Colleague: 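First the structure, then my questions, so here it is.
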Amino acid sequence: MTEETTDFTADLERIAGARLLCVGDAMLDRFIYGSVDRISPEAPIPVLQIQREQAMLGGAGNVARNLSALGTESCFLTVLGRDEAGRMLIGLVGEETSIEAQLLFEENRRTTVKRRYIAGGQQLLRADDELVAQIAPASVADLLSRAETDLATSGGLILSDYGKGVLTDAVVTRLIEMARAAGRPIVVDPKGADFGRYAGATILTPNRKELAEASRLPVGTDAEVEEAARKIIESCDVAMVLVTRSQDGMTLVRADAPPLHLKAAAREVYDVSGAGDTVVAVLAAGLAAGIPVERAAELANLAAGIVVGKAGTAVATPGEILNAQHATSLMSMDRKTVPLSTAAETIRGWRTHGLKIGFTNGCFDLLHPGHVSLLAQARKACDRLVVGLNSDASVKRLKGEDRPVQSEAARAAVLGSLATVDLVVIFAEDTPIHLIETLRPDVLVKGADYTVETVVGAEIVQSYGGRVGRATLEAGCSTTGTIGKLTGGKLTGRKA
C-alpha cells in the first residue's frame, strides 16, 4: 500500500564508516568577493572594490574535503610545490580531521592557484597561476609506495585528474592495477580526450563536454549520451560511465544494463565550482560502502544539486542530502529530519547551553491523538525532543508486508511539523539501540503499556544517570485499529 521510496538514511550512515584513497592534482581555490560601482577610466572594464577573500581546498583536495563532509575517512595523496600556496594547502588539509594527508613536495614545482573574482553573486574573472609538469621519477616511486600501503585499509580508489601532472600515464596504470588486485572499486574524474589511459577503472565521471571530446560523438540527447558512453565503455575497457549533464541531470550507463537518467536536483544554481568533485566523492564513498551503483548515483545527484546552490567550492553534508531527498519526494522543506551523525552534532551544541535531551521512538504510521499525546508528554519532560523513526524496511519487518501505509519521508514530514518535535532521525534497524547509545538522551520516554524493564534502551540510559519516563496512553487510539476500520480488517499488525 505504501509508495516505494529510497531509504538513504542507512546508506549515509554506511558511507560515514567508509574509507577511501584519493590521489590527484591538488590546487588552491581563492575567492575574492567585492562590489562593482564603476567602470575603469583606463579601459572599459569593471572596477572591483575588494571586501573579503576566502581560500579553499581545490581539485583533488576538494574531493577529500567532500569525503570529510560525509563523515568518510580518506588518505589524500598529492604532490605540491614548496611555495606559499602549498603552505596554505597544508593548513587547510590540517583543518579536516578525517583526512590523512600524504603530501609530497618538489622544489621546482608550482602549486596551482585559481583565483575567482566575484561581485553581486556573479563571477567576473578567473585567473589561474600554474605550471603544468609531470612529477619527478622520485615522486612517482614515493607516491606509488604510499598508495599501495594505504589500499590495504581503504575501501576504494579515487583518481581526481585535473591534468596538472600528478597522474602521469605510468602512475594511473599502476594505481589501477594495484586497486584491481586488492578488489577495490576505482572511480575516475577524467581529463583530456584519451580515456583509454584509465583502462580497468570501475567508473568514469566525465561531464558532457569531456564525453563528447573523448568519444568524438554528439551528446545533445539522452540517446546520444548513451551511445557515446557505451563507446567509451567498449573502447576504453571500463565498466561504467556516469555522465554529468548540468541542467539535464546525470546519466549512468553500464555495459550490461539499461541507462539510468537522473533529473537535475538543483532548485537554484548559484556556483558550479567543484560540483564534479562532490559527485566523485559521494559516488566513490557509496561504492566503498557497498551501496549499489544506482543508489550511489542518486545520492551523488542530490549532493550536486546542493553544492551548486552554494558559493565557492562547497560540500554537501548528510543532513543536507537527506533533507534534499525528502524535499524532492514531498515537495516540502522539512529541516528537522537529519541522519544520526548530524543529530549527534546538534545535540552536542544543545548540551553546551545546558539543555536536557529527550528521546522516544516508533513507527508513527498514520499519526493519531495517542501519538500526539505521547509526544507532548515527552516534550514536557525535556528541553529538546528527538524522535527515532523506523524506516520503511524496518516497519515492514515489524508490522508485515502491508505496512507502512505512509512512506518514511511522509511520516518524517508529519512528525517534523509538530512543535513538540525538535529532531527526527530515521533508523533502519529493528530497535533504536544504536541511536540511544550514540545520542545518550537524558530522558527516554515510552507509553505506559511498557514497564521500565521492557523499554528498549532503558538500561543504557540508566547506566549514565538518565531516567526512563512512561507517558499516559489515550484510550482507543491505534494505527492498526484505524487501518482495520478503513480496510474492513484486511490489514493486521501490532499497535503502532
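Scope of the values below: all heavy atoms of this structure, side chains included, with no hydrogens, waters or symmetry mates. Please read these numbers as outputs of a predicted model, since none were measured by experiment. In this chain, residues are counted from 1 in sequence order.
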Colleague: To the closest 0.5 Å, what do you measure between CG (L389) and CZ (F364)?
Modeller: 7.5 Å
Colleague: For R245 and T251, which I'm curious about, is there any donor-acceptor pair between the side chains at under 3.5 Å?
Modeller: yes
Colleague: Considering residues at least two apart in sequence or located in another chain, which fulfil the salt bridge (Lys or Arg N to Asp or Glu O under 4.0 Å) criterion with E294?
Modeller: R254
Colleague: Minimum heavy-atom separation for A55 to L28, with atom names?
Modeller: CB-CD1, 4.2 Å
Colleague: With R411 as reference, evaluate D365, N390, D392 under the side-chain hydrogen bond (donor to acceptor under 3.5 Å, both in side chains) test and give the passing residue.
Modeller: D392
Colleague: With a 4.0 Å cut-off, would you call K396 and D402 a salt bridge?
Modeller: no
Colleague: Cut-off 3.5 Å, no hydrogens considered: what does the side-chain donor-acceptor table look like for residues 424-432, sequence neighbours left out?
Modeller:
from : atom 1 : to   : atom 2 : distance (Å)
D430 : OD1    : R397 : NE     : 2.8
D430 : OD1    : R397 : NH2    : 3.0

Colleague: Can a donor-acceptor pair be found between the side chains of Q377 and S373 at a distance below 3.5 Å?
Modeller: yes
Colleague: Are any side-chain N or O atoms of E13 and backbone N or O atoms of P339, one a donor and one an acceptor, separated by less than 3.5 Å?
Modeller: no
Colleague: Determine all donor-acceptor pairs shorter than 3.5 Å in which one atom belongs to a side chain in residues 281-288; sequence neighbours excluded.
Modeller:
none

Colleague: Between V219 and V225, what is the shortest heavy-atom contact and its length?
Modeller: O-CG2, 3.4 Å
Colleague: If you look at every heavy atom in S35 and A119, which pair is closest and at what distance?
Modeller: CA-CB, 4.3 Å
Colleague: Salt-bridged, D422 to K336, with N to O below 4.0 Å?
Modeller: no
Colleague: Do L299 and F8 come close enough that some side-chain heavy atom pair is under 4.5 Å?
Modeller: yes
Colleague: Just by modelled atom types, is the V338 backbone N or O under 3.5 Å from a matching donor or acceptor in the T342 side chain?
Modeller: no
Colleague: In Å and rounded to the nearest 0.5 Å, what is the CG to CD distance from L302 to E320?
Modeller: 11.5 Å
Colleague: Using a strict threshold of under 4.0 Å (side-chain N to carboxylate O), is an ion pair present between D248 and R208?
Modeller: yes
Colleague: Is the side chain of T202 donor-acceptor paired with the backbone N or O of I186 at a distance under 3.5 Å, no angle test?
Modeller: yes
Colleague: Could you grab the distance from atom CZ of R126 to atom CD1 of I32, nearest 0.5 Å is fine?
Modeller: 12.0 Å
Colleague: Looking at Y450, does the NZ or CZ of R470 lie under 6.0 angstrom from its six-membered ring centre and within 45 degrees of the ring axis?
Modeller: no
Colleague: If we only count heavy atoms from C-beta on, is the L444 to V455 side-chain gap below 4.5 Å?
Modeller: yes
Colleague: Which heavy atom of L70 sits nearest a heavy atom of A316, and at what distance?
Modeller: CD2-O, 3.8 Å
Colleague: Pick one: which of V243, T244, N207 meets side chain to side chain contact (heavy atoms under 4.5 Å, CB included) with M250?
Modeller: T244
Colleague: A344: what forms a side chain to side chain contact (heavy atoms under 4.5 Å, CB included) with it, not counting sequence neighbours?
Modeller: R348, T438, L439
Colleague: As an exercise, state the distance from CD of E408 to OG1 of T337, rounded to the nearest 0.5 Å.
Modeller: 10.0 Å
Colleague: Do S391 and S394 have side-chain atoms, one donor and one acceptor, less than 3.5 Å apart?
Modeller: no
Colleague: So, using side chain to side chain donor-acceptor pair (under 3.5 Å) as the criterion, who are the partners of R30 when residues are at least two apart?
Modeller: E53
Colleague: Which heavy atom in A297 sits nearest to a heavy atom in L252, and how many Å separate them?
Modeller: CB-CD2, 4.5 Å
Colleague: Can you name the closest pair of heavy atoms from A60 and Y162 and give their distance?
Modeller: N-CE1, 4.1 Å
Colleague: Is the shortest heavy-atom distance from the side chain of I321 to the side chain of I306 under 4.5 Å?
Modeller: yes
Colleague: Test your reading of the model: is there a side-chain donor-acceptor pair from H368 to the backbone of G370, 3.5 Å cut-off?
Modeller: yes
Colleague: Return the CD to CG distance between E224 and L211, rounded to the nearest 0.5 Å.
Modeller: 10.5 Å
Colleague: Is it true that atom CD of E437 has more than 12 heavy atoms of other residues, nucleotides or ligands lying nearer than 6.0 Å?
Modeller: yes
Colleague: Would you tell me whether Y198 and D161 have side-chain atoms, one donor and one acceptor, within less than 3.5 Å of each other?
Modeller: yes
Colleague: Does any donor atom in the side chain of D189 or S160 lie under 3.5 Å from an acceptor atom in the other side chain?
Modeller: no
Colleague: Rounded at 0.5 Å granularity, tell me how far CG in L398 sits from SG in C363.
Modeller: 5.5 Å
Colleague: Tell me the salt bridge (charged side-chain N to carboxylate O under 4.0 Å, His left out) pairs involving residues 349-359, sequence neighbours left out?
Modeller: R351-D442
